[in-house]
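Position 1 is the first residue of the sequence; numbering continues from there. All values derive from a computational prediction rather than experimental measurement.
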Amino acid sequence: EEYYSAELVDESDVIRQLSDPQSMLARAHVAAMNRAKDAEILNSFFRDARAGETVLTKTIAYNAANTIAADIDQPATPSGLSPFKLVKQKGGFMRRHVDVNSEMPLIAINTKAWEDMYAQMQFTNSDYNRGGGPLQGAPTQMSYGGVNMIGIEHEDFPHSTNVTWDLPCWVKSGIVLGTWTDMVVEVQRISTKVSSWEVKVRSRFAATRVDEARVAMQKI
């Protein structure tokens, strides 16, 4: 997939900054491209993955058997993210023969999941977490039971309904980001305009699952 971000600029005081690749305007477009990369990775977790000798040979759907139900610890009631669900996530990888000692399981969490965890006594109480527990500093990237939680808020964060969210769980060897064109930042004058310059960032990349056993879904 090809992505680009571009903007025309007329203000002379901004134009003088454009020759600097570290200018705030250029950096803003680079940040936009990085968000597009995040969205491509997030969307690749659960959509059909292409397989075979060519990209059109066949597709493989996400294995729904790897999903941890939203009500697994409270039947018929979506219970949010909990230490119990993280244990089930790690146990699922272990049952599928994933070496969780060499590859730490990961989960992308949104703000709701972060709030869910900090409402759990098993997570915040120092009796369960020696050394003060995770309350100290309340980080958005944290670990529990050998599972790393990575905080992210994105408009394309995958979710099923307004009631439950689908959080991707994985180990690094389960998904890949392929880059065909590195990120290129261009600043150029538009010859057809009197005083307009263009700052453009472009790249070409895609992501996909490469091992169904190493990708899971946590419903909350």
Side-chain angles (χ1 to χ4, degrees), residues 30-32 34-46 62 66-74 77-177 207 209-220:
V30 169
N34 285 330
R35 288 192 295 273
K37 189 176 294 186
D38 288 342
E40 173 65 24
I41 296 170
L42 286 169
N43 289 328
S44 70
F45 277 99
F46 308 129
Y62 162 76
N66 297 348
T67 296
I68 300 166
D71 61 351
I72 191 172
D73 49 356
Q74 294 184 20
T77 303
S79 57
L81 188 60
S82 66
F84 175 76
K85 285 185 175 180
L86 292 179
V87 170
K88 296 295 288 184
Q89 171 191 333
K90 187 172 182 178
F93 285 130
M94 294 167 63
R95 281 189 292 273
R96 295 191 292 274
H97 307 290
V98 176
D99 186 355
V100 295
N101 293 316
S102 61
E103 286 191 289
M104 179 172 285
L106 305 161
I107 180 172
I109 63 172
N110 58 358
T111 301
K112 179 190 181 304
W114 182 88
E115 293 169 343
D116 290 341
M117 288 300 293
Y118 276 98
Q120 302 287 325
M121 183 174 65
Q122 298 97 319
F123 185 69
T124 59
N125 194 307
S126 61
D127 289 340
Y128 297 90
N129 298 273
R130 296 301 178 185
L135 270 181
Q136 185 175 5
T140 56
Q141 297 200 27
M142 48 204 175
S143 178
Y144 184 89
V147 178
N148 273 353
M149 290 168 275
I150 303 171
I152 183 171
E153 281 294 337
H154 199 288
E155 61 182 2
D156 292 322
F157 198 94
H159 64 281
S160 55
T161 69
N162 292 328
V163 178
T164 62
W165 289 85
D166 300 340
L167 305 183
C169 316
W170 74 102
V171 295
K172 287 188 175 180
S173 60
I175 195 161
V176 65
L177 175 72
R209 298 186 310 278
V210 292
D211 189 333
E212 299 303 319
R214 298 171 185 268
V215 176
M217 179 194 298
Q218 182 85 250
K219 282 186 173 290
I220 65 169

With a 4.5 Å heavy-atom cut-off, do [X] and [Y] have their side chains touching?
X	Y	value
P168	L42	yes
I220	N110	yes
N66	V215	no
D211	V98	no

**Worked check of side chain to side chain contact (heavy atoms under 4.5 Å, CB included) between I109 and M117** = CA-CA 10 Å; I109 63 172; M117 288 300 293; 5.8 Å; no

Between the main-chain N or O of [Y] and the side-chain N or O of [X], is there a donor-acceptor pair closer than 3.5 Å?
X	Y	result
K219	I72	no
K172	L106	no
Q89	C169	no

Within this structure, what is the [atom1]-[atom2] distance for the pair [X] and [Y], rounded to the nearest 0.5 Å?
X	Y	atom1	atom2	answer
Q218	W165	CD	CH2	15.0 Å
N148	I107	CG	CD1	11.0 Å
W170	I41	CH2	CD1	8.5 Å
F84	D73	CZ	CG	6.0 Å

For [X] and [Y], work out which heavy atoms get closest and say how close.
X	Y	answer
A207	S44	O-CB, 3.3 Å
Y62	T67	OH-OG1, 2.9 Å
G146	P105	O-CD, 3.3 Å
G145	K90	O-NZ, 3.2 Å
I68	K85	CD1-O, 4.0 Å
L167	A113	CD1-CB, 3.9 Å

**Fill in**
Sequence neighbours excluded, the answer for side chain to side chain donor-acceptor pair (under 3.5 Å) partners of K88 is none

**Set of side chain to side chain donor-acceptor pair (under 3.5 Å) partners for S173, sequence neighbours left out** = E103, R214

**Asked** So does M94 have more than 12 non-hydrogen atoms from other groups sitting under 6.0 Å from CE?
**Response**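 Open.
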
**Request:** Evaluate the criterion side chain to side chain contact (heavy atoms under 4.5 Å, CB included) for residue pair W114 and M142; output intermediate values, then yes/no.
**Result:** CA-CA 10 Å; W114 182 88; M142 48 204 175; 3.4 Å; yes

